[in-house]
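To keep things clear, I will list the structure first and then write my remarks on it.
Worth knowing before you read on, the calculation uses all heavy atoms, side chains too, and leaves out hydrogens, waters and symmetry mates. Start at 1 and go down the list; that is how both ligands and their atoms are numbered.
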Amino acid sequence: MKKIIKNGIIVTASDTFEADLCIEDGKVSQIGSNLSSDDAEIIDAAGCYVFPGGIDPHTHLDMPFGGTVTKDDFESGTKAAAFGGTTTIIDFCLTSKGKSLGSSIETWHNKSKEKAVIDYGFHLQIVEMNEDVLKELSQVIDSEGITSFKVFMAYKHQFQADDETLYKTLVAAKDLGALVMVHAENGDVIDYLVKKALMEGNTDPIYHALTRPPEVEGEATGRAATLTGLAKSQLYVVHVSCAEAAEKIAEARNRGIDIWGETCPQYLVLDQTYLEKPNFEGAKYVWSPPLREKWNQDVLWNALKTGQLQTIGSDQCSFDFAGQKDLGKGDFSKIPNGGPLIEDRVSILYSEGVKKGKITLNQFVDITSTRAAKLFGLYPKKGTIAVGADADLVIFDPNIERTISAKTHHMAVDYNPFEGMKITGEPVSVLSRGEFVIREKAFVGKPGAGQYIKRAKYGKQFENNSPAEIML
Ligand code: URP
Ligand code: ZN
Ligand code: ZN
Ligand code: ZN
């Protein structure tokens, strides 16, 4: 059935205007004043903003990591994402040396296809680069529409790839039309610092932060940027946590290198002192890169405001405090790295960013949705409100005041890192391709309703998905 959303204020990355919006066959079919139709369901959005659905370009759902598996899978994770105003996620498909990329991708399809309640795509981890991988990669781009590759410069003895692999991946991505993503921390130096700390008897969660200082993130970010320039390729740095890394990205951009930076809500509002909480509670805040000294938050907000960082990912990678984070009692290096962050990503950026005057409303839409759609080959099908685009929409009440808590969140874990934080603004209803997933704050979606999305090549989205074409 046709739907008309009336009386809302539509906000895109470039415009803010009062208008009605008609949805047909999952797409926005009209935007205008006083739209009406005899056979349409009318949805009143008075007093609310209508945003394009959030795009979370960085999630780890149902992922084996740190001797356990993340608590949230594609069902609970995408449901929580939808409650938070996110309508598309891009999850990281892990791969292994010597195993075909195709079989790894199949594993990720099996984890997601009957569970996701919103649309999703995959990034592909690169652990080695040789003739076989190269051949399979070009097939993967065409058949799976996976146009972003992830290289870990950290997690030695596990995910870490060497510089040769990173460089070859950058060269391959340039040729194939893909965007390379890096987890930028110097894993070799971290490995040494961790061993040293443990030998000296320093086992508490705070040593997670102290053995991964900002310098190791800044160094790896600068190295990856330099290699990108040398390869004349393109790079997206995930989860930028500190001034050192943000500065390296800004410097490289000033030199004309094609480099982009993502930060995460946790780095914008939490700081390193959380890892010092007593009774092992610091473990709740163990993820990589670690939380930093508080002054870094201003640097990150400023980088978002000035466009030196462009996106916000959640880095959702959730583990229960009881039973999973526990694995690291007596040895911080065994605490599974990651946190439950998918649900509060959009609201925190609104409340702490827009409401407090750190970014504009249009920047908020760009950072939480539009820019990721453009970088990852989803635009303009997703990431904006336009005739012909998917009706992925969030009806957002900017005045609701609430307190974040594990008691009311929808993630499957037993704690929320933002517990007790008072915020303003909440998604009231969320639509995915024209169907309600959240209606008046209640879940009405269906596991399996989320579709896998093949994405356009890097920089080619405008050619592959012109508005005229997506109207068909
Ligand atoms: O600690 C984190 N961030 N866990 C997820 C994996 C990663 O490094 O992104
Ligand atoms: Zn990472
Ligand atoms: Zn080692
Ligand atoms: Zn991550």
Side-chain angles (χ1 to χ4, degrees), residues 56-73 77 81 89-95 108 120-127 148-161 166 180-187 190-191 194 205 207-209 211-212 214 216-217 220-221 224 235-242 245 260-268 270 272 274-275 282-292 311-321 324-325 327-328 332-342 345 372 376 411 413 415 417:
D56 189 341
H58 188 157
T59 69
H60 306 275
L61 298 175
D62 199 357
M63 184 177 85
F65 191 38
T68 181
V69 180
T70 61
K71 189 75 192 295
D72 283 288
D73 65 6
I89 61 161
I90 314 178
D91 199 81
F92 290 94
C93 169
L94 296 186
T95 60
W108 244 253
Y120 59 97
F122 302 146
H123 309 290
L124 190 69
Q125 183 194 11
I126 301 294
V127 287
S148 41
F149 310 147
K150 169 78 171 288
V151 176
F152 286 92
M153 301 170 80
Y155 301 126
K156 197 169 175 167
H157 311 303
Q158 196 182 3
F159 292 158
Q160 187 174 328
L166 172 58
V180 178
M181 308 169 80
V182 280
H183 173 133
E185 286 185 299
N186 186 320
I190 291 167
D191 190 58
V194 168
Y207 286 94
H208 173 75
T211 55
R212 311 178 85 101
V216 300
E217 186 182 343
T221 304
L235 186 74
Y236 177 98
V237 183
V238 299
H239 54 40
V240 173
S241 74
C242 61
W260 308 90
E262 164 201 275
T263 187
C264 312
Q266 52 275 33
Y267 302 119
L268 292 167
L270 306 178
Q272 191 176 298
Y274 283 75
L275 283 96
K284 293 179 177 173
Y285 306 90
V286 165
W287 45 69
S288 301
L291 292 174
R292 303 300 188 186
T311 61
I312 182 157
S314 67
D315 197 8
Q316 164 77 18
C317 184
S318 63
F319 302 101
D320 269 335
F321 180 54
Q324 292 191 294
K325 290 285 184 181
L327 295 168
F332 70 88
S333 73
K334 296 200 166 65
I335 301 169
N337 282 205
L341 302 149
I342 202 167
R345 182 184 73 103
F376 293 107
M411 296 175 284
V413 282
Y415 79 101

Check whether the ring centres of F152 and F92 lie less than 6.0 Å apart, and answer yes or no.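 Ring centres of F92 and F152 not closer than 6.0 Å.
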Step through it carefully: locate the ring centre of F159, locate the ring centre of H183, and say whether they are under 6.0 Å apart.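 No, the ring of F159 stays outside the 6.0 Å limit from the ring of H183, centre to centre.
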Pick one: which of L124, D91, T95 meets side chain to side chain contact (heavy atoms under 4.5 Å, CB included) with W108?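 Testing W108 for a side chain to side chain contact (heavy atoms under 4.5 Å, CB included) against L124, D91, T95 leaves exactly one candidate, D91.
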Interfacing atoms of ligand 1 (cut-off 4.0 Å, heavy-atom, [X]):
{"X": "H58", "result": "9 (O)"}
{"X": "Y155", "result": "1 (O), 2 (C), 3 (N), 4 (N), 6 (C), 7 (C), 8 (O)"}
{"X": "H239", "result": "8 (O), 9 (O)"}

Is any N or O atom of S288, backbone or side chain, closer than 3.5 Å to an N or O atom of ligand 1?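 Yes.
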Return yes or no for this condition: an N or O of H60 is under 3.5 Å from an N or O of ligand 1.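 Such a contact does occur with ligand 1.
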Could you check atom 3 (N) of ligand 1 against the protein and tell me its nearest heavy-atom contact, residue, atom and distance included?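 The closest one turns out to be D315 OD2, 2.6 Å.
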What protein heavy atom lies closest to atom 4 (N) of ligand 1? Include the residue and the distance to one decimal.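 Minimum-distance protein heavy atom for atom 4 (N) of ligand 1 reads N337 O, 3.1 Å.
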In this structure, does ligand 1 have an atom that sits under 4.0 Å from one of the heavy atoms of F92?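 Not so, F92 does not reach ligand 1.
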Does one side chain, of D56 or Q316, offer a donor that lies under 3.5 Å from an acceptor on the other?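 The criterion, which ignores hydrogens and geometry beyond distance, is not satisfied for Q316 and D56.
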Does any N, O or S atom of H60, backbone or side chain, fall under 2.8 Å from the Zn ion (ligand 4)?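 Looking at H60, which is the residue asked about, there is an N, O or S atom under 2.8 Å from the Zn ion (ligand 4).
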Take Y285 and H208 through the test ring-ring contact (aromatic ring centres under 6.0 Å, His included) and record every step on the way to the result. CA-CA 10 Å; Y285 306 90; H208 173 75; over 10 Å; no
Just to confirm my numbers, could you give the angle made at the Zn ion (ligand 4) by NE2 of H58 and OD1 of D315, rounded to 10°?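 Between NE2 of H58 and OD1 of D315, at the Zn ion (ligand 4), the angle is about 90°.
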Do the ring planes of F332 and Y207 sit parallel (below 30°), tilted (30 to 60°) or perpendicular (above 60°)?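 If you compare the ring of F332 with that of Y207, the planes turn out tilted.
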Candidate with minimal heavy-atom separation from atom 5 (C) of ligand 1, of C317, P289, G313: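 Closest candidate by heavy-atom distance is C317.
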Counting only N and O atoms by type, is there a donor-acceptor contact under 3.5 Å from the side chain of T70 to the main-chain atoms of D62?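 It does hold such a pair.
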Taking all non-hydrogen atoms of both residues, which atom of E262 and which atom of P57 are closest, and how far apart?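 Scanning both residues completely, I find the closest heavy atoms to be OE1-CG, 3.8 Å.
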If I consider every N, O or S atom in H183, which one ends up closest to the Zn ion (ligand 2)? I only need its name.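 Nearest N/O/S atom of H183: ND1.
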